Structures are given as C-alpha cells and as structure tokens.
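Below is one structure, written out as structure tokens; comments come after it.
This structure is a prediction, so every number in the text was calculated from the model and none was measured. Atoms within each ligand, like the ligands themselves, are counted from 1 in listed order.
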Amino acid sequence: MLDSLFKPRAVAIVGASTKELSIGNVIIRNLQKYGYKGKIYPLNPSAPEVCGIKAYKTLEEIPDQVDLAHVIIPSKFVPQTIEDCGKKGIKAVIINSAGFSELGEEGARLQEDFLRRGKEFGVRVFGPNCQGIINSDPELKAYCNFTFTYPDPGYVSVVALSGGVGALIMQALADLGVGQRLYASNGNACDISIPEIVRYYGEDEGTKAVILYTEGFSNPGEFLEAAREVTAKKPILAMKAGRTEQGAKAASSHTGSLAGVDIATELIFEKTGILSFTDEGEMARAAMAFATQPIPKGNHVGIITNTGGPAVIATDVLVSCGLEVPKLGEKTIEKLKESQLPEAALENPIDVVATAGGSQFRGALDVLLDEDGVDSIFINFVTAPFTDTHEVARQIVEVNRLAKKPIVCNFMTDLSQGRFQITRDILKQGGVPIYANPSDAAKALGALVKYGSLKRRDIGLPETFTDVDAAKARSIIEQARQEGRSVLSATDVYTIFDAYGIPVARWRVVANAAEAVAAAEAIGYPVVVKVDCEEIDHKSDMGGVAVNLKDAAAVNAAVDDMESRLGSFGKLRYFVQKFLPGGRELIIGATAERGLGHLVMFGLGGIYVEVLKDVSFKIAPVTRVEAGEMLSSIKTAALLDGVRGEKGIDRGAVINLIQRVSQLLNDLPMIQEMDMNPVMAFEKGVYAVDGRIRI
Ligand code: ADP
Ligand code: MG
C-alpha cells in the first residue's frame with residue numbers, strides 16, 4: 001500500500017532551507033499554500049525555524065509519528081538518512097535529490113546502498129531525482145512537490161516518469177479547468193514503480209481516469225499485469241514517448257530509464273485496452289471529456305451546429321477517428337420540425353442556424369437523445385452576438401446533466417468579452433467539455449468512442465493445442481544448448497515445427513548427391529535443394545537455394561554446384577524439400593522481449609517486409625482474435641483476400657499457425673528469435689518452407 005506516500009498525515013523535510021530559491025524551501029511553501037491539513041516538520045542543522053515552522057536538527061527529535069519524508073540533501077548522505085527514516089518509523093521517502101544511477105557508477109552504488117537500507121528498515125523510496133506527489137483531496141491537500149501549478153480537486157490522476165512532462169500535463173489540465181485527484185512523478189523510479197502507482201490509482205475510489213506518461217518500462221511484464229487490472233475498472237489514457245530512435249536516445253540519457261525504441265509498450269497498451277496518444281495536449285483534452293462524460297455505446301454521432309464550415313471540419317475529423325454520421329430517420333426529422341426555425345437544415349449535421357436560441361438547441365438535443373441510431377452528440381456552438389447565448393448554454397447543460405449520451409462541445413467565441421465568459425462558465429460549471437475549435441473537440445469525442453470500442457473488444461483467451469509434443473521440442477533445444485549451438489540446424493527446426501503441428505513442406509536432410517536424389521524420389525518431384533550449414537544465414541544470397549528441380553539429373557547438378565562453390569564453409573548438408581509454387585509468401589516471426597516474453601510478428605514476405613516493413617506485432621500469447629487482427633492490420637491486408645483475379649489465402653490456416661507459434665514460444669522461453677520466411681500460403685493450406693531458430 002502506498003498510503004504513506006499519497007496520504008501522509010505528517011511530512012518531514014530533510015534538507016529544509018531558509019533560502020527562498022531552493023527546493024527545500026519551495027516544498028514547504030507549496031504545502032502551506034496548497035493548504036496541507038497534516039503536520040510539517042522541517043529539518044535543518046542550524047535554523048530554528050523554516051517558513052515560520054519550528055525546525056528540528058534530527059528526525060529523532062520530532063515528537064510525533066511521520067509518514068513521509070522529503071530528502072533534499074547531497075546524494076552521499078542519502079543512504080544514512082534512509083536508515084534514520086526507517087528508525088523513525090517513516091514508511092515512505094521522496095528523494096528529490098539527483099546524483100544517482102543517472103550519473104554513472106558512483107551514483108549507482110549510492111542508489112544500491114539506500115535501496116538496501118530501505119528494504120532493511122522498511123522504507124519505500126519514491127524517486128530519486130524526482131518531483132514528488134500531489135493529493136488534492138480537500139481533506140488532505142498534500143502538495144509534496146516542488147512545482148508551481150495548484151490543481152483543483154477532481155477525478156483525473158496523473159503519473160509521469162518525467163517531471164517536466166508531468167508538470168506540462170498538470171498545467172494543461174488546469175488550463176482546461178479539469179480537476180485532478182492524485183499526481184506522481186517518480187524520476188529514476190528505482191523502488192516505487194509506475195505499475196505500482198497505476199495499481200494504486202486503480203484502487204483509489206476518487207480516481208475516475210488515469211493519465212500516464214512513460215518512456216518505457218524497466219518491468220514491462222509487471223506493468224502489463226497492473227494495466228490489465230486497472231483497465232477493467234477505469235480508463236487509462238497513456239502516452240509513450242521515445243518512439244523514434246532519436247527520441248529514445250533523449251529518453252535514456254535524461255533519466256536512468258531503460259527505454260529503447262520499443263514497440264512493446266504500445267503493444268502492452270493495445271493488449272490491455274489502454275488508450276494511446278502521441279500528443280500530450282490531445283491527451284489532456286481527451287481527459288476533460290473522460291472526467292465528465294459517459295462512454296459512448298457505439299460510434300454513431302449526431303451533430304448540432306449553428307454555423308456551417310466548422311461542422312464540416314468536425315465531420316472530417318470525427319470520420320477519420322472512426323465515427324459515423326448516420327442519416328436521421330423520417331420520424332426524427334418530423335419531430336425536429338416542431339422546434340426548428342424554417343431555414344434550419346434537418347439532417348445530420350443538424351444546422352439550427354446562427355439565429356437559433358435555447359429552444360432550438362434544446363429541441364435538437366432532445367431529438368438526438370431519443371434517436372436510437374445516435375450514441376453521442378457533438379455540438380458546434382458559435383456565440384452569435386444576436387442570440388441569448390446564456391440560454392443556449394443553459395439548455396446544453398440541462399441535457400448534459402441527464403448523462404444519457406456523451407456530449408462534447410466546440411465553443412467558438414471571444415473570451416475577452418465578459419458576456420461570453422459568462423456563457424463559457426455556464427457550460428464549464430455544468431460539466432460540458434468545451435474546446436476552442438472543431439478539430440480539438442472532435443478528437444476528444446473520437447477518444448471517448450475509441451475507448452468505448454476498446455472496452456467492448458474481447459480478445460478472448462489463448463487456445464491450447466493438445467496435439468503438440470512439447471517434450472520433444474524441449475529436448476532438441478536442450479541438446480543444442482549442451483552442444484553450445486545457438487542457431488539450430490534445419491533438422492532441429494523442422495522437427496520442432498512438426499512437434500507443434502506447424503505445417504511444413506515435406507523435407508529431408510541428406511549428406512550428398514546420391515542421398516539427395518533418393519530423398520527427392522521419396523518426396524516426389526519437383527523439389528527444392530538448399531544448403532544446410534550453420535555458417536550460411538541467407539541461403540539464396542549465397543546461391544544455396546535451387547528451386548523447381550524436376551528430376552534426378554537436376555538434383556545431382558544442384559548438389560554438385562553447391563558443393564563446389566560453398567564447400568569451403570565446412571561440411572555441407574543438403575535440405576531437400578517439396579517445391580510449392582504459386583503461393584503468397586508470408587513471414588511469421590518472433591523475438592524475445594526483455595521482461596515480457598515474446599513478440600510475434602506477421603507480414604507479407606519479400607519486398608513487403610524488406611522495403612515497406614509492413615508487419616504487425618502482438619505480445620505472446622496471441623489469441624484467435626488477436627491473430628485475426630494481425631492479418632487485417634497490415635497495410636497490404638487487401639492482398640490476403642486476393643486482387644485482380646488472384647485467389648485469396650487460407651486465413652484460418654494462418655491464424656492457426658500464428659497461435660501454434662505462440663504456444664511454442666510460451667513452452668520454449670529460451671527461444672530468442674525465430675522466423676519462418678517464407679510461409680507459403682494457398683487458397684487451402686499454408687506451409688513453412690524456410691525456418692530459423694536462435695536460442
Ligand atoms: P533463404 O531465405 O535462406 O535465402 P529460402 O529457403 O527462404 O532461403 O529460399 C529462398 C526463396 O526460395 C524463398 O523466399 C522462396 O521464394 C523460394 N522457395 C524456397 N523454398 C521453396 C519451396 N519449397 N517452394 C517454393 N518456393 C520456395
Ligand atoms: Mg527465407
């Protein structure tokens with residue numbers, strides 16, 4: 001439990017300072033200004049008081065129990081202080097000081113030291129090199145942080161590794177008038193981790209939505225579990241930065257975090273139903289809608305506007321976010337006529353026209369509330385100076401209070417005019433999320449709708465195929481490991497595939513031309529002959545693949561040719577395989593991901609993967625639904641169904657194959673990398689014809 005951190009009844013500031021421009025002073029003033037309801041205990045070696053509060057020389061002298069301590073002292077003194085905190089019974093510590101793992105070896109040693117003492121003396125560490133936390137609960141008002149934004153109480157809780165981004169999000173929410181509940185920015189995150197904080201937010205009754213900013217996880221598996229638990233209860237809006245190589249570099253140098261250009265984080269977001277953003281402003285604006293609006297049941301939106309163009313822009317953005325703007329039924333239009341001005345356009349968007357007042361807006365809103373084919377309402381409201389804008393706002397607020405369908409409002413006005421400020425305040429106080437332009441408003445509604453579909457998406461459970469021989473596969477890998485081989489031989493690879501029911505073209509491994517001919521006769525012509533040698537990775541690049549061999553003479557010639565050209569690589573073996581022409585080449589692969597098991601990849605082979613990098617990934621285990629999504633999410637998905645008279649491929653067989661690969665990876669975690677490139681896919685059936693496994 002992180003209650004000592006987030007709900008401290010007494011806070012000690014180790015390193016309290018009388019200098020105004022110092023962290024040890026700012027934190028105390030923040031606690032005072034924000035109206036902290038608990039007790040503050042400054043620690044200072046000489047000053048009798050700090051910020052008007054009696055100061056102590058040691059923790060021991062403090063007469064009461066203390067829950068939380070800020071530590072703002074040079075890093076070399078931190079380990080002893082943590083021990084002292086433990087002895088004082090302090091359960092959580094925020095180390096604001098820097099100078100630890102982010103600064104190389106000496107710092108890392110200090111970090112290890114204080115972590116060890118923290119464990120020994122029962123102290124949980126937040127940070128180091130971090131801002132701290134905020135709890136806006138009116139009963140507590142804990143501002144244990146050195147920033148400058150004082151959030152109003154609300155329902156959105158923020159967690160950000162980076163203090164800079166955390167502050168940015170906090171400020172953006174404050175500017176939008178979105179209240180906040182808990183805030184945490186934990187810098188190096190060496191002990192109390194993001195997954196733990198997210199879990200805590202999940203359990204916090206006052207938190208309705210979570211905002212997360214991260215640059216990657218040092219413990220991705222733990223985050224996946226935490227995210228699963230929390231997304232079942234409340235929305236998580238998240239942003240992962242460091243998506244480009246340069247961005248990732250910036251991330252790893254500015255904190256001690258382990259981020260790389262990982263796609264794994266995004267995949268965790270997807271798997272657990274976290275709403276992912278690439279723009280921090282957009283995320284904050286979406287949070288405003290999440291804080292007040294119900295989640296739409298579907299993607300059909302009804303639009304009300306009193307001006308034409310902005311509704312066109314909004315419609316474009318809404319549609320690109322996956323929403324539909326359905327036609328209104330006959331009856332609905334009849335009903336609309338009762339409230340609307342004669343010049344109104346009774347379609348969707350409903351153009352109530354600029355002269356519309358409260359009753360026209362209300363009439364349109366009521367109709368859309370009743371219309372079954374509409375799941376959410378988008379309002380374009382320009383403050384026409386010749387209308388009673390307050391009354392329009394009041395009508396919107398009344399309908400919003402019913403909370404029947406989510407409402408988002410693009411409110412276009414000049415806020416330097418007092419009159420329109422009042423209109424805005426009516427909307428704001430009435431809990432209507434308002435935005436300054438159609439695109440921002442539409443994206444916020446788009447986020448709500450996307451979240452609704454994430455909530456409804458059920459990926460199901462991974463299937464377990466019972467016709468597999470896991471023991472056999474494991475013994476092959478064990479053997480290779482004992483022999484010190486990290487790349488498996490063709491025989492190993494295909495035997496493992498066989499053991500997992502992965503369909504392959506008929507094959508045999510032989511040592512010379514005569515055996516190759518015998519194998520070809522047994523398999524049946526035409527065949528393919530490939531060189532099998534650990535040193536040769538890309539066989540065709542080396543002239544080590546001969547396809548469409550129709551008779552014994554062709555097989556003989558192919559083997560002789562490879563022997564003469566490639567013999568210098570060492571003892572060659574030959575892989576004889578059924579030739580399977582005319583299929584679509586797919587690539588299915590996997591790679592081990594630190595702390596997360598494996599990622600499975602699917603794509604079209606050849607230029608599609610090499611040039612276009614058109615592939616999709618999932619975290620194993622991959623369910624049937626997810627495997628289907630992998631097929632439909634590549635850019636060239638249409639090719640799988642066949643174009644211009646070409647036949648489509650056997651999707652069911654590919655989906656099965658992906659799931660079998662997923663099970664194989666689950667059973668054999670020592671696999672580092674595996675690919676099947678290509679898998680030949682036909683209208684009926686798919687067959688792996690090239691496989692590689694590295695352990
Ligand atoms: P590598 O990838 O090491 O160069 P492959 O075994 O993938 O070697 O063979 C290269 C190419 O030859 C494949 O991409 C495919 O186009 C073709 N090929 C290989 N085996 C077969 C086969 N059994 N049937 C049809 N085409 C094949
Ligand atoms: Mg290949």
Side-chain angles (χ1 to χ4, degrees), residues 485-498 502-510 516-517 519-551 554-555 557-559 561-563 565-566 569-570 572-591 600-615 636 639-640 646-647 649-650 653-654 657 661 671 673-694:
R485 290 180 289 126
S486 60
V487 177
L488 300 194
S489 70
T491 307
D492 290 345
V493 171
Y494 285 88
T495 311
I496 291 174
F497 288 173
D498 277 339
I502 292 168
V504 298
R506 282 214 307 289
W507 62 277
R508 255 188 218 186
V509 173
V510 300
V517 170
E521 318 259 85
I523 289 168
Y525 292 105
V527 296
V528 181
V529 169
K530 302 178 188 179
V531 68
D532 174 23
C533 172
E534 207 180 314
E535 312 300 315
I536 302 177
D537 208 6
H538 295 288
K539 301 176 288 295
S540 48
D541 290 354
M542 307 289 296
V545 176
V547 299
N548 198 10
L549 306 176
K550 296 196 174 79
D551 51 33
V555 170
V559 171
D561 174 50
M562 285 180 206
E563 186 68 56
R565 282 184 301 104
L566 305 171
F569 279 96
L572 300 183
R573 300 180 69 78
Y574 299 94
F575 185 76
V576 186
Q577 185 185 45
K578 183 78 184 167
F579 179 56
L580 298 174
R584 176 142 324 262
E585 296 196 12
L586 310 178
I587 176 165
I588 292 173
T591 158
V600 181
M601 181 185 84
F602 166 81
L604 289 178
I607 56 160
Y608 297 103
V609 53
E610 275 157 35
V611 184
L612 302 176
K613 306 209 179 342
D614 182 18
V615 290
T636 42
L639 296 181
L640 303 177
E646 269 180 27
K647 295 208 167 86
I649 63 152
D650 191 339
V654 180
L657 177 59
V661 166
I671 292 180
E673 247 172 43
M674 160 170 154
D675 60 26
M676 306 179 185
N677 182 17
V679 170
M680 293 296 190
F682 299 89
E683 200 184 1
K684 268 213 136 34
V686 295
Y687 306 90
V689 302
D690 185 25
R692 204 172 156 279
I693 293 178
R694 196 170 64 75

ask   = Parallel, tilted or perpendicular: which describes the rings of W507 and F575, with under 30° parallel and over 60° perpendicular?
value =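 The rings of W507 and F575 lie parallel, inter-plane angle below 30°.
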key: 2.8 Å cut-off (strict), protein N, O or S atoms about the Mg ion (ligand 2)   =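 Protein heteroatoms (N, O, S) closer than 2.8 Å to the Mg ion (ligand 2) number 2.
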ask   = How long is the span from the NZ atom in K550 to the CZ atom in F579, to the nearest 0.5 Å?
value =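 Separation between the atoms: 7.5 Å.
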Whether the side chain of [X] engages the backbone of [Y] through a donor-acceptor N/O pair (distance < 3.5 Å, no angle test) should be reported.
{"X": "D675", "Y": "G589", "result": "no"}
{"X": "D614", "Y": "T636", "result": "yes"}
{"X": "R692", "Y": "E673", "result": "no"}

ask   = Considering only heavy atoms, which protein residues lie less than 4.0 Å from any atom of ligand 1?
value =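 Contacting ligand 1 under 4.0 Å are V528, K530, D537, H538, K539, S540, V545, Q577, K578, F579, L580, E585, N677, P678, M680, V689, D690.
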key: Positive for side chain to side chain contact (heavy atoms under 4.5 Å, CB included) with P678, one of L586, L580, D690, V686   =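 Going through L586, L580, D690, V686 one by one, the side chain to side chain contact (heavy atoms under 4.5 Å, CB included) with P678 is satisfied by D690 alone.
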message = Assess the residue pair V529 and L549 against the criterion (side chain to side chain contact (heavy atoms under 4.5 Å, CB included)); give the C-alpha distance rounded to whole Å, side-chain angles, the decisive distance to 0.1 Å, and a yes or no.
response = CA-CA 8 Å; V529 169; L549 306 176; 3.5 Å; yes
task = For Q577 and I523, run side chain to side chain contact (heavy atoms under 4.5 Å, CB included): C-alpha distance rounded to whole Å, both residues' side-chain angles, the deciding distance at 0.1 Å, then the answer.
result = CA-CA 7 Å; Q577 185 185 45; I523 289 168; 5.8 Å; no
message = Can you confirm whether V679 sits close enough to F602 that some side-chain heavy atom of one is under 4.5 Å from a side-chain heavy atom of the other?
response =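 They are not in side-chain contact.
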